[in-house]
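Take a look at the structure below.
Order of the sequence lines fixes the chain letters, A, B, ..., with proteins taken first and strands second; residue numbering starts at 1 for each chain.
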Number of protein chains: 2
Amino acid sequence: MSTRAAPPPHTGSRPGGRSARIRAAVHRAVEELLTDEADEPLTIPVVAARAGVHATTVYRRWGSVGELLTDVATSRFSGDIVVPDTGSLREDLERYASDLAKDLNDPDTLPLVRATIGTAGDQGASACTGERRQQLQAMLERDQARGNQTPTVERVTDAVIAPLYYRAVFTDQALTPEWTRGLVTNLLPD
Amino acid sequence: MSTRAAPPPHTGSRPGGRSARIRAAVHRAVEELLTDEADEPLTIPVVAARAGVHATTVYRRWGSVGELLTDVATSRFSGDIVVPDTGSLREDLERYASDLAKDLNDPDTLPLVRATIGTAGDQGASACTGERRQQLQAMLERDQARGNQTPTVERVTDAVIAPLYYRAVFTDQALTPEWTRGLVTNLLPD
DNA sequence: CCATTAACGCATCGATCACTGCGAGAATCA
DNA sequence: TGATTCTCGCAGTGATCGATGCGTTAATGG
């Protein structure tokens, strides 16, 4: 794998076993609380209690709920995605869009995105988009190197990324595979 | 100052002068707090204090911050928009998209949208989209009645509405008029 | 114009939150 | 391995939140 996962955003001077364990427990507690129907207020004492960690630790490591959510969203949207490289831009985009749709369909993801952009502002929003721009650019540059007429990053963002996020966040319609594939088809007509 | 903004008899059995005045003050306080850089926690006592109203009133009328935000977002996204009717679908969509872009560029709007979908969940999200689907459908039906080949509501949503919302909420790029017009051009090529 | 009643102001209470020293335990480096 | 220091657990505190009971004000209908 070419893209090695970034070290903890917290200037980790000691990412030892215990710290990593606590970090994982807190992240898991946040995701569980977000998916739980019990409308618990998602506050630091609640997160800490569910994670089996003392609230002081969470306050010191993350400081606020916004930074905690940003951290969770960052690690959620940075590691999993693998940029396809099939030799065809259409195929690449279809796979990429399908992966993104699958990701956004995950029951954990939608509440996380909503809470993050609602609590963490600009920083949280950019954490939710992750590195999609760079990933798109990689696919487009490969296609351009093949000598094809390649759309811009902006165009692909508007035609593929934006509808996926919009439909997931603002509507209750499902992100079906057919609809997702249709986005690429509308962008790249035969 | 007598800003009679046409108090609509939204809900309640007694929409008298005082209730409307309080409602307007609370709405205004929410918007001010959302735009203020002072990261005040946007809680009911804070909103009530800034509105010059006692917190008990806000608790009883709205119940929670989520419902309050949903109410603010609903009245923010329901009244202002006028569906264009120029006789040309392209012209209609360009005006509609331009109005929407102007609306989303308002410094009040972005924090309101983010906070609403982050706090009020599905209900808040649908409040932020308002009645766009019906408005789109009205324009499309008129175009279809003219005997043209009209795109579907879904297609227009994906091509115009979604990029506007996505760019406003998730990125820090500006919603320029040229880019907004380009969305319609990509949807309706000559 | 007056009775009715919905809506608001006020005082208050328990629960929880955000935060802070201080000591103990674990990870890192010599 | 031993010393250092980064990190976590613990107990406690002021502040604020969410909610309730009661009296008062004002909007509504006859």
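- Taking side-chain N and O atoms only, Tyr59(A) has no distance below 4.0 Å to OP1 or OP2 of dC19(C).
- The distance between atom CD1 of Ile22(B) and atom C1' of dT25(D), rounded to the nearest whole Å, is 11 Å.
- Distance from the side chain of Thr57(B) is smallest to dG9(C) among dG9(D), dG9(C), dG18(D).
- Looking at Arg133(A) and Thr157(A), their side chains never bring a donor and an acceptor atom within 3.5 Å of each other.
- For Arg60(B), the side-chain atoms get nearest to dC10(C) when compared with the rest of dG9(D), dC10(C), dC17(D).
- Between His54(A) and dC10(D), a side-chain N or O to OP1/OP2 separation shorter than 4.0 Å is present.
- With rounding to whole Å, Leu42(A) atom CG is found 16 Å from dT16(C) atom P.
- The side-chain tip of Arg167(B) points at the ring of Trp179(B) from less than 6.0 angstrom away and within 45° of straight on.
- The nearest whole Å value for the distance from the CZ atom in Arg23(A) to the C1' atom in dC6(D) is 17 Å.
- At a threshold of 4.0 angstrom between heavy atoms, the contacts of Val65(A) with the nucleic acid are absent.
- Between Tyr166(B) and Tyr165(A), the gap from one ring centroid to the other is short of 6.0 Å.
- Here Thr43(A) lies in heavy-atom contact (under 4.0 Å) with sugar-phosphate atoms only.
- Across Thr176(B), Thr171(B), Leu175(B), a single residue satisfies side chain to side chain contact (heavy atoms under 4.5 Å, CB included) together with Gln173(B), and that is Thr171(B).
- The shortest distance between the side-chain N/O atoms of Arg61(A) and the OP1/OP2 oxygens of dT7(D) is not below 4.0 Å.
- If you take CD of Glu40(B) and C1' of dC17(C), they are 17 Å apart, rounded to a whole angstrom.
- Scanning atom types as modelled, one donor and one acceptor separated by under 3.5 angstrom connect the side chain of Thr56(A) and the base of dC10(D).
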